[in-house]
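In what follows, a structure is listed as structure tokens, so that the remarks can point back to it.
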Amino acid sequence: MLVALLAVGLQHVVDPTIILSPHFWLLFTVVFILTLVAYVLSDLGIRKGEELSVYGPIAGLFVKLLACLAVVAILIIKFPENKVLTALNFFSLYFLFTVFEVICLLRNLRDQKKS
């Protein structure tokens, strides 16, 4: 929610064509949904324990990366104008959501070790 509010605020303060690509909200939605799916799958793997607790988060991050890169590649190939801006928007969103996911997963792992 914080990232979305920041983007909306930037649209009102600065000329949106300078900072946000025309496909920003599509990228935001795709990265958000894929992060949510990867997080849920990783959390289920952690809760099952054993080997899944290691492979779940790694597989979730890997699948999310490949799916997100496929979407941004399609956008860049289909809409070649503003390639750099679209790529910058994608990587900033991807890394922000990945940091959030990793922090949440680390908190879950830490809670599991205490009990």
Side-chain angles (χ1 to χ4, degrees):
M1 291 299 287
L2 184 64
V3 176
L5 291 174
L6 181 66
V8 169
L10 283 173
Q11 280 182 328
H12 293 301
V13 173
V14 182
D15 183 23
T17 58
I18 296 173
I19 294 179
L20 301 177
S21 75
H23 310 291
F24 176 79
W25 292 109
L26 174 66
L27 286 172
F28 181 87
T29 305
V30 167
V31 173
F32 174 76
I33 290 171
L34 288 172
T35 300
L36 186 63
V37 169
Y39 174 75
V40 168
L41 292 176
S42 299
D43 192 44
L44 288 174
I46 289 171
R47 294 196 191 283
K48 287 233 182 207
E50 300 175 13
E51 286 187 18
L52 285 178
S53 66
V54 175
Y55 295 130
I58 292 172
L61 287 171
F62 185 70
V63 169
K64 181 179 117 179
L65 174 66
L66 290 180
C68 287
L69 284 176
V71 168
V72 80
I74 291 169
L75 279 176
I76 287 175
I77 290 170
K78 193 162 180 144
F79 305 103
E81 65 279 348
N82 294 330
K83 286 186 213 179
V84 174
L85 188 59
T86 302
L88 285 174
N89 285 171
F90 163 72
F91 282 112
S92 63
L93 283 173
Y94 179 80
F95 288 126
L96 283 172
F97 278 106
T98 300
V99 165
F100 168 75
E101 181 182 2
V102 168
I103 288 172
C104 289
L105 289 172
L106 286 175
R107 285 187 180 162
N108 286 342
L109 285 172
R110 190 175 317 136
D111 288 342
Q112 197 175 46
K113 295 292 183 187
K114 286 181 182 178
S115 55

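Counting from 1, the numbers follow the sequence of the chain as shown.
The hydrophobic clustering, which links ILVMFWY residues whose side-chain heavy atoms are closer than 4.5 Å, places V37 and V63 apart. Residues L65 and F100 do not share a hydrophobic cluster, defined by chaining ILVMFWY side chains whose heavy atoms lie under 4.5 Å apart. There is no path of hydrophobic side-chain contacts, each under 4.5 Å, that joins L88 to V71.
Atoms NZ and OG, from K83 and S21 in turn, are 14.0 Å apart once rounded to the nearest 0.5 Å. Taken from CZ in F90 to CG in L26, the straight-line distance is 12.0 Å, to the nearest 0.5 Å. Distance check: Y39 OH to L61 CG gives 12.5 Å after rounding to the nearest 0.5 Å.
With a 4.5 Å cut-off on side-chain heavy atoms, T98 and K64 count as touching. Using a 4.5 Å cut-off on side-chain heavy atoms (C-beta onward), Y94 and L27 make no contact. Looking at heavy atoms from C-beta onward, F97 lies out of side-chain contact with L34 at the 4.5 angstrom threshold. For the pair F62/L66, a side-chain contact is recorded, criterion being any heavy-atom separation below 4.5 Å from C-beta on.
Nearest approach of A38 to G60, heavy atoms of both residues: CB-O, 3.5 Å. Taking every heavy atom of both residues into account, V31 and C68 meet most closely at CG2-SG, 3.9 Å.
The aromatic rings of F28 and W25 stand perpendicular to each other, their planes meeting at an angle above 60°, with 30° marking the opposite boundary.
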